[in-house]
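One structure is given here, and the rest of the page talks about it.
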Number of protein chains: 2
Amino acid sequence: MLRIGEVAARAGVSVRALRYYEEQGLLEAERTPSGQRRYPESAVGRVRFVQQLYAAGLTSRDVLEVLPCVHTGVATPAMIARLAEQRDGIDRQIAELTAARERLAEIIRIGEQYVPGGPDPSEAAVDACRPVGRPATEELQPAG
Amino acid sequence: MLRIGEVAARAGVSVRALRYYEEQGLLEAERTPSGQRRYPESAVGRVRFVQQLYAAGLTSRDVLEVLPCVHTGVATPAMIARLAEQRDGIDRQIAELTAARERLAEIIRIGEQYVPGGPDPSEAAVDACRPVGRPATEELQPAG
DNA sequence: CTTGACCCTGACGTCAACGTCAGGTTCTAG
DNA sequence: CTAGAACCTGACGTTGACGTCAGGGTCAAG
């Protein structure tokens with residue numbers, strides 16, 4: 001059984017975060033007679049999983065829905081539906097992220113191409129900042 | 001030239017958000033003599049881009065660094081480096097999201113498999129909640 | 001000229017996931 | 001037994017991206 005500081009260190013989060021997770025019902029702990037929390041080794045993995053879901057944009061409440069096995073150990077059809085919703089939400093997120101990444105990558109490519117000695121990379125960079133493939137309007141002139 | 005409500009509606013954000021973007025230096029607007037904001041059509045695309053970057057986990061300040069062309073129209077080598085950093089950050093995010101998605105998908109698969117008429121899907125679901133391929137410890141018994 | 005939709009500038013409220021501080025207890029090393 | 005590290009429970013503070021309310025201009029239509 002691990003102490004809270006140990007779990008925090010291994011999972012790469014703060015002690016406060018673990019207490020917060022408990023408050024939110026995401027992580028249980030046994031208590032010593034004096035009231036100190038004791039965690040099984042598996043708590044480390046669970047915390048990392050919670051962090052993953054947070055990183056996926058889920059809230060604590062979402063995670064609570066997504067981790068029914070934490071409390072009940074059972075996955076009902078309704079829960080499966082919610083899980084699927086969350087999964088689809090993540091899919092949409094990944095799609096948006098990929099799009100954003102591509103636009104950034106394009107700006108970078110243009111920038112790297114012009115930086116070495118080019119006199120005025122502005123037009124190309126500005127184009128990259130525009131919504132995909134839209135022709136220039138009156139905004140964002142080449143700074144001249 | 002569009003009015004602020006028009007831009008907000010087309011970009012799918014609130015009027016307040018647009019004023020906030022201006023406050024953060026992410027979006028400029030001309031003003032009528034009476035002080036009302038007027039935007040070019042391209043503002044809609046810009047707002048969508050900003051939203052994309054927000055969705056990618058960037059802060060307003062990050063976006064401000066990432067969109068230097070908004071103000072200067074030029075991409076310096078230092079900016080390129082920052083762009084690359086952000087891109088890599090997004091890559092890491094995508095990787096994490098994909099991992100989270102996979103774990104969710106696995107839980108769903110197990111759930112769907114057992115739901116139709118299975119009497120006790122708990123063990124499988126519980127396994128799916130565990131860090132990848134870790135054997136059962138004393139926590140999370142099959143609820144009985 | 002008045003009604004109503006839209007716009008303006010502050011400025012305070014919100015929500016989530018913690019950070020941080022206060023004031024006190026417990027555990028471990030010497 | 002004593003110092004110090006680690007733990008406890010409140011409870012208030014923080015940050016980012018807005019929401020929302022107050023109080024007041026603007027403008028096309030009737």
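Every chain is numbered from 1, with letters handed out A, B, ... down the list of sequences.
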Query raised in the report: What pairs with A:R10 under salt bridge (Lys or Arg N to Asp or Glu O under 4.0 Å), at least two apart in sequence or on another chain?
Result: A:E6, A:E41
Report task. Sequence neighbours left out, what passes salt bridge (Lys or Arg N to Asp or Glu O under 4.0 Å) with A:E65? Give chain and number order. Result -> A:R82
**Report entry** Sidechain N-carboxylate O distance under 4.0 Å for B:R16, B:E22
**Finding:** no
Atom pairs, protein N/O to nucleotides 1-3 of chain C N/O, distance under 3.5 Å:
none

Requested in this report: Give B:L58 one of three labels, base, sugar-phosphate or nothing, depending on what nucleic acid heavy atoms sit under 4.0 Å from its own.
Outcome: sugar-phosphate
Report summary line: Expected list for residues 10-17 of chain A near DNA chain D, using heavy atoms below 4.0 Å, is A:R16
Please list each protein N or O that sits under 3.5 Å from an N or O in nucleotides 21-28 of chain D, with the distance.
unit_1, atom_1, unit_2, atom_2, d
D:dC27, OP1, B:S34, OG, 3.4

Query raised in the report: Listed by chain and number, what are the side chain to side chain contact (heavy atoms under 4.5 Å, CB included) partners of A:R38, not counting sequence neighbours?
Result: A:M1, A:R3, A:T32, A:Q36
Query - Side-chain N,O (A:R31) to OP1/OP2 (D:dT9) below 4.0 Å - result: yes
Query - A:A105: side chain to side chain contact (heavy atoms under 4.5 Å, CB included) partners, not counting sequence neighbours - result: A:R101, A:R109, B:R87
Query raised in the report: For B:R19 and C:dC8, is the shortest distance between a side-chain N/O and OP1 or OP2 below 4.0 Å?
Result: yes
**Report entry** Where at least one partner belongs to residues 50-60 of chain B, residue pairs that pass salt bridge (charged side-chain N to carboxylate O under 4.0 Å, His left out), sequence neighbours excluded
**Finding:** none
Query raised in the report: With sequence neighbours excluded, what pairs up with A:Q93 under the side-chain hydrogen bond (donor to acceptor under 3.5 Å, both in side chains) test?
Result: none
Query raised in the report: Tell me the ring pair (Phe, Tyr, Trp, His ring centres under 6.0 Å) pairs involving residues 7-31 of chain B, sequence neighbours left out?
Result: B:Y21-B:Y54
